[in-house]
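Only this structure's heavy atoms are used, side chains among them; waters, hydrogens and symmetry mates stay out. What you are looking at is a predicted structure, and each value in this text was computed from that prediction instead of being measured. For this chain, numbers begin at 1 and follow the sequence in order.
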Amino acid sequence: MAETPQFLADVFLFEGGPNHVILAQLFQNHLALSTYGGSELESIPFTNIIGANVVQNSQGRASTLQIFIYRKTSGSRVRHCMSLALDSRADKAVNFQICQKWCRAIQCCSRGVSLTLADGQLSIPETHGRRFLIYVNPFSGTGKADTLLKEMILPLLEDAECPHELVKSRSPGYTQKHVRGADLSDIDCIMIVSGDGLVYEVVNGLMEREDRDVALKVPLAVVPSGSGNAINASICYQTKEDCHPSNAAFICVKGQPVDLDVMEISGCGPRVYAVLSLEWGLLADIDIASETYRHLGAARFTLGFFQQVFRHNHLPSRFSYLPAAKDGSCPCGNPSVNCICVPSLESGKPLPPAWRECVGDYIFIQPTLQTHLTEARQFRHQKQLCDGLIHIAVATSQCSRTAVMQLFMEMANLKNEIGDIEGVSDTAALAFRIEPTSSLSREKSYHLAVDGEPYPFGPIQGRVHPGMARIIAKLE
């Protein structure tokens, strides 16, 4: 195994505490600090470094190299600014140039760009910080998005030298309309500072664009400020980060894009696209009814659950689904998402033989694409944001209210699969259809929700589009 080359080495004065003369050495994956006598002080991986800056001192000949480090402390990322002064050259301009060289090298390494050393000459590629289009919903959750943006996100973007354009949501549907016509040609990433509802708007805005195939390649990034925050929780679960806004903002800048499954929904309302779930039955009642308590944050779902679980009735319906083959493909062997095994709901055509049909009384049917329903409620142990499958949890009338309560409580610390609870099944499918029967009471109101947003109740169908979108959700 080849030895990792040392790209830079200089003697600095460590500021911000006892002034130590230290030797700094820059490698591709880490920054090594040691005493001038050779005793190691610290090795800082570039996975924790956001960027660097140079300050030319007004007096004297020294220049100061500032390195911005975001260490994980008690579950969240905490900013540390390390200041290293260079005064070893007699010429003030030379000290500044050396610090600038260090700064550019640190920026490259922190962005995952490789340095090269040939014949003793260091080559530092030109790079730029990730360019963001930021959508913020000031009204989401407990209304702290603006504070989060000002105190945490924008300072981090400044440290990383990430240019950005900021758009604030003014009303429901505003962001979806803006995304539909936004210029994305100079954008590397769309950041969403809100709950799951604004992610839903952004995805559907992208789907409505004439250049949607190109637009969908622009990755999304999420910083949670809503009450549910299920998508961010699923990302943090995959990256092994705690669900904290500082971690999410850090992932936005340092993470890498991965494919994201999208679920196409058609029913009594317009065709829409989801990246989280469809809620039908009890879980839709909880989500929609608890909107009144949005100011409580995540606690709204617990309150909503106990309000609805005792008043909810079973819904007689026909539930059909298209199971995936062992390799995840359609049973007919056709890999196309336009496979004839998924006829449109509007066509009225009977479902092909590959589909499985169940008729009964249901408490809820929950097709999901992610691991979490809310930040505090994990629904499954699936570890990928893109496995090409819709995971459908179904609770029949055989599931007692006690068992439903057990399921809700276990989601806070999910140790077993939800299919282990009596009366609850868990199925992986490529598509599904839910058709309420005529025996539903006309005197009661029923709810459907797509990614937490209300949708007209009635027959509904969904299908998965594997990896149609992209999202920042991988740390090196």
Identify the two heavy atoms, one from Leu65 and one from Cys99, that lie closest to each other, and give their separation to 0.1 Å. CD1-O, 3.8 Å
With a 4.5 Å heavy-atom cut-off, do Phe132 and Ile187 have their side chains touching? no
Glu158, CD: over 12 other non-hydrogen atoms inside 6.0 angstrom: no
Whether Arg130 side chain and Cys252 backbone form a donor-acceptor pair below 3.5 Å: yes
Quick check against the 3.5 Å criterion: does Asp196 have a side-chain atom that pairs as donor or acceptor with the backbone of Ala230? yes
With no hydrogens and no angle check, just 3.5 Å: does a side-chain donor-acceptor pair link Ser83 and Thr64? no
Determine whether a donor-acceptor pair (N or O, by modelled atom type, separation under 3.5 Å) exists between the side chain of Lys254 and the backbone of Ser110. yes
Is any side-chain heavy atom of His128 less than 4.5 Å from a side-chain heavy atom of Gln107? no
Verify, without hydrogens or angle tests, whether Asp261 (side chain) and Asp387 (backbone) share a donor-acceptor contact under 3.5 angstrom. yes
Taking all non-hydrogen atoms of both residues into account, name the closest pair between Asp259 and Gly467 and its distance. CB-CA, 3.8 Å
Under a 3.5 Å distance rule, please check whether Gln66 uses its side chain to pair with a backbone N or O of Val54 as donor and acceptor. no
Nearest atoms (heavy-atom pairs only) where Gly181 meets Arg209: C-NH1, 4.1 Å
Derivation and outcome, side chain to side chain contact (heavy atoms under 4.5 Å, CB included), residues Tyr273 and Arg271: CA-CA 7 Å; Tyr273 297 86; Arg271 188 180 305 274; 3.6 Å; yes
Is there a side-chain hydrogen bond (donor to acceptor under 3.5 Å, both in side chains) between Arg111 and Thr127 once you walk through the steps? CA-CA 8 Å; Arg111 293 167 184 163; Thr127 65; 2.7 Å; yes
May I ask you to test the Ile50-Ile69 pair for a side-chain heavy-atom distance under 4.5 Å? no
Run through Ile192, Thr175, Asn137, Val179 and flag the one making a side-chain contact (heavy atoms from CB on, under 4.5 Å) with Glu201. Thr175
With sequence neighbours excluded, residues passing salt bridge (charged side-chain N to carboxylate O under 4.0 Å, His left out) with Lys217: none
Tyr362 and Phe364: ring pair (Phe, Tyr, Trp, His ring centres under 6.0 Å), yes or no, with the steps? CA-CA 5 Å; Tyr362 297 96; Phe364 68 76; 9.8 Å; no
Give a yes or no answer on whether the side chain of Ser225 reaches the backbone of Lys144 with a donor-acceptor pair at less than 3.5 Å. no
In terms of side-chain geometry, is the basic nitrogen of Lys72 or Asp242 positioned less than 4.0 Å from the acidic oxygen of its partner? no
If you round to the nearest 0.5 Å, how far is CG of Leu385 from CD1 of Ile231? 9.5 Å
Do Gln461 and Val342 come within less than 4.5 Å of each other through their side chains, counting heavy atoms only? yes
With side chain to side chain contact (heavy atoms under 4.5 Å, CB included) as the criterion, how do Trp280 and Leu278 come out once you've worked through the C-alpha distance, each side chain's angles and the decisive distance to 0.1 Å? CA-CA 7 Å; Trp280 185 93; Leu278 179 138; 4.0 Å; yes
So does Glu279 get a backbone contact from the side chain of Ser277, meaning a donor-acceptor N/O pair under 3.5 Å? no
Does the gap between the ring centers of Tyr455 and His447 come in under 6.0 Å? no
Could you state the interatomic distance from CD1 (Ile106) to CD1 (Ile44), rounded to the nearest 0.5 Å? 9.0 Å
For Leu389 and Val464, which heavy atoms make the closest approach, and how far apart are they? N-CG2, 4.4 Å
Between Phe68 and Ile49, is a side chain to side chain contact (heavy atoms under 4.5 Å, CB included) present by the stated rule, with each step listed? CA-CA 6 Å; Phe68 307 117; Ile49 297 176; 6.0 Å; no
Side chains of Gln366 and Ile392 in contact at under 4.5 Å (non-hydrogen atoms): no
Does Leu184 reach the side chain of Leu206, with side-chain heavy atoms less than 4.5 Å apart? yes
With rounding to the nearest 0.5 Å, note down the distance linking CG in Asp159 to SG in Cys81. 7.5 Å
Distance col, row Gln25:CD vs His30:NE2, nearest 0.5 angstrom, shows 8.0 Å
Beyond-backbone contact of Val222 with Ile251, side-chain heavy atoms, under 4.5 angstrom: no
Measure the shortest side-chain to side-chain distance between Val272 and Ser266 over non-hydrogen atoms and say whether it is less than 4.5 angstrom. no
From CG (Leu154) to SG (Cys162), nearest 0.5 Å: 11.0 Å
Determine whether a donor-acceptor pair (N or O, by modelled atom type, separation under 3.5 Å) exists between the side chain of Asp451 and the backbone of Leu276. yes
Taking NZ, NE, NH1 and NH2 as the nitrogens, is one of them in Glu42 or Arg71 under 4.0 Å from a carboxylate oxygen of the other? yes
Taking every non-hydrogen atom, the tightest pair across Pro459 and Leu345: O-CD2, 3.6 Å
Would you say Gln238's side chain and Lys474's backbone share a donor-acceptor pair under 3.5 angstrom? no
Dump the intermediate steps for side-chain hydrogen bond (donor to acceptor under 3.5 Å, both in side chains) on His465 and Glu264, then the final yes or no. CA-CA 7 Å; His465 292 275; Glu264 178 184 346; 2.6 Å; yes
Quick check: are there more than 12 heavy atoms from other residues, nucleotides or ligands sitting under 6.0 Å from CZ of Arg170? no
Taking Asn232's backbone N and O only, do any of them form a donor-acceptor pair with Gln370's side chain (distance below 3.5 Å, no angle check)? no
Residues which pass ring pair (Phe, Tyr, Trp, His ring centres under 6.0 Å) with Phe46, listed by chain and number, not counting sequence neighbours: none
What are the two closest heavy atoms between Pro125 and Cys108, and how far apart are they? O-SG, 3.2 Å
Calculate, to the nearest 0.5 Å, the distance between atoms CZ and CG belonging to Arg212 and Asn204 respectively. 10.5 Å
Taking the cut-offs as 6.0 angstrom to the six-membered ring centre and 45 degrees off its axis, would you call Arg77 and Phe250 a cation-pi pair? yes
Are His80 and Tyr70 close enough that their ring centers fall under 6.0 Å? no
Aromatic contact between Phe14 and Phe12, with the criterion being ring centroids under 6.0 Å apart: yes or no? no
When you look at Ser320 and Arg356, which way does the side chain to side chain contact (heavy atoms under 4.5 Å, CB included) test go after all the steps? CA-CA 5 Å; Ser320 310; Arg356 297 179 185 175; over 6 Å; no
